[in-house]
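For reference, the structure is listed below as structure tokens.
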Amino acid sequence: MNLSIRRMTLEDVPTVHAIDILSFSLPWPERSFRFELTENPVSRCWVALSGERIAAMLVLWLIVDEAHIATLATHPDFRRQGVGERLMLAALLSARAEGAERAFLEVRAGNSGALALYKKYGFVVAGIRPRYYQNNNEDAILMNLDDLNISEAA
Ligand SMILES: CC(C)(COP(=O)(O)OP(=O)(O)OC[C@H]1O[C@@H](n2cnc3c(N)ncnc32)[C@H](O)[C@@H]1OP(=O)(O)O)[C@@H](O)C(=O)NCCC(=O)NCCS
């Protein structure tokens, strides 16, 4: 696929929000993406495009030397085509270039696809928050990647 990756803009937000709704049982309000873009200094917001179309989005928080993946979703039309991993890799490599040394995220215990994606890139389970998600009492799995020396060959 002819994929390009760039930083998210305010014009992208309606489409990003639509992908969020298609992807999560508790999507962010649209204003949250605008906040991340305009008011949160630690936020790095990315999109992956297939041609002109936004195929995936990612928000990462860079706090000193820690990168926290706040959200990541691929539009259902583009899943299992390597889009999510390429976007995550680009965001993590950019965070590393800005000084990040390790990465963190939370994922629903039943989200086997996302867990497989993160494990493929070396994330390991660091803990569990029981019944963290209030809409269905699902556990949150905390994962971390201690060494951000990842590469596209992972
Ligand atoms: C999780 C998600 C972002 C993956 O995006 P994607 O673009 O489909 O993922 P990729 O095609 O880049 O997959 C990369 C690797 O992740 C793993 N993977 C991704 N989706 C998977 C699935 N449904 N089942 C099993 N493994 C999966 C595989 O190892 C895959 O490599 P492979 O295709 O060579 O086997 C996407 O399924 C999604 O948006 N889900 C809904 C939102 C979500 O759960 N986000 C993560 C929240 S923590």
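Each ligand, and each atom within it, is numbered from 1 in the order the structure gives. As a basis for the values below, the full set of heavy atoms in this structure was taken, side chains included, without hydrogen atoms, waters or symmetry mates. Since the structure is predicted, the reported quantities are computational estimates derived from the model, not experimental observations.
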Criterion side chain to side chain contact (heavy atoms under 4.5 Å, CB included) on Asn144 and Val124, from CA distance to verdict: CA-CA 6 Å; Asn144 66 27; Val124 295; 3.5 Å; yes

CG-CG distance between Leu58 and Leu92, expressed to the nearest 0.5 angstrom: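 Answer rounded to 0.5 Å: 7.5 Å.
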
Close-range residues for ligand 1, whose non-hydrogen atoms fall below the 4.0 Å threshold: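 Correct list: Ser23, Phe24, Leu72, Ala73, Thr74, Arg79, Arg80, Gln81, Gly82, Val83, Gly84, Glu85, Glu106, Val107, Asn111, Gly113, Ala114, Ala116, Leu117, Tyr118, Lys120.
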
Side chains of Leu37 and Asp12 in contact at under 4.5 Å (non-hydrogen atoms):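 Contact flag for Leu37/Asp12 side chains = no.
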
Any pair counted as side-chain hydrogen bond (donor to acceptor under 3.5 Å, both in side chains), so long as it reaches residues 45-54, sequence neighbours left out: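 Sorted result for residues 45-54: Arg53-Asp77.
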
Geometric class of the His68/Phe104 ring pair [parallel <30°, tilted 30-60°, perpendicular >60°]: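 The arrangement is parallel - the two ring planes meet at less than 30°.
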
Asn136 and Arg108: CA distance, side-chain angles, deciding distance, side chain to side chain contact (heavy atoms under 4.5 Å, CB included) verdict: CA-CA 10 Å; Asn136 65 351; Arg108 285 179 184 260; 3.0 Å; yes

